[in-house]
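Since the structure comes first, as structure tokens, the remarks are kept for the end.
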Amino acid sequence: MSPETYAIAQGILPLVAIMGSIGVGGWVLTTWLRIKNGYPLDGAWGQAVYPRNDAETTERVKLLSQENAQLRAELGSVKDRLANVERIVTDGSHELNREIEQLRNRAN
């Protein structure tokens, strides 16, 4: 190894070691903060390493699923009502009058 190459290696090697140490220290700090605040740890591809499956989380998922089903049902009824309103608005008035008269005749 030539003296110039050795001098360059001596100048770069400490920088590489410092950068590596900062990277490892940052990873350790990030992992510690995640554990401390209750976030699940993730692996190399983003999947949870130790997902929390406690009773509170399971109950929360059940409640959110029920709420989601209720909101979907409500959205379906709102869509049906909107379709009726659109039909009334876009139909000619003579068809609307005819339908109203049919309903009145059914009531009598």
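Owing to the predicted nature of the structure, the values given are computational and were not obtained by experimental measurement.
Under the side-chain contact (heavy atoms from CB on, under 4.5 Å) criterion, Ile12 pairs with Ile8, Val16, not counting sequence neighbours.
In terms of heavy atoms, Ala9 sits closest to Pro14 at O-CD, 4.3 Å.
A salt bridge is defined here as a Lys NZ or Arg NE, NH1 or NH2 lying under 4.0 Å from an Asp or Glu carboxylate O, and Arg98 with Glu101 fails to meet this definition. Look at Glu74 and Lys79 and you find no salt bridge, because none of the NZ, NE, NH1 or NH2 atoms lies under 4.0 Å from a carboxylate O.
Distance check: Leu63 CG to Asn68 CG gives 12.5 Å after rounding to the nearest 0.5 Å. Between the CD atom in Gln70 and the CG atom in Leu75 there is a gap of 13.5 Å [rounded to 0.5 Å]. To the nearest 0.5 Å, atoms NZ (Lys36) and CG (Leu29) are separated by 10.0 Å. In this structure, Arg104 CZ and Asn97 CG are separated by 8.5 Å, a value rounded to the nearest 0.5 Å.
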- Message: Run the side-chain contact (heavy atoms from CB on, under 4.5 Å) test on Asn84 and Arg87 for me, step by step, so that the C-alpha distance in whole Å, both residues' side-chain angles and the decisive distance to 0.1 Å come before the verdict.
- Response: CA-CA 5 Å; Asn84 286 334; Arg87 185 178 54 82; 4.1 Å; yes

Set out, in order, the CA-CA distance, both residues' side-chain angles and the distance that settles salt bridge (Lys or Arg N to Asp or Glu O under 4.0 Å) for Arg72 and Glu67, then state yes or no.
CA-CA 9 Å; Arg72 285 182 181 270; Glu67 183 182 6; over 6 Å; no

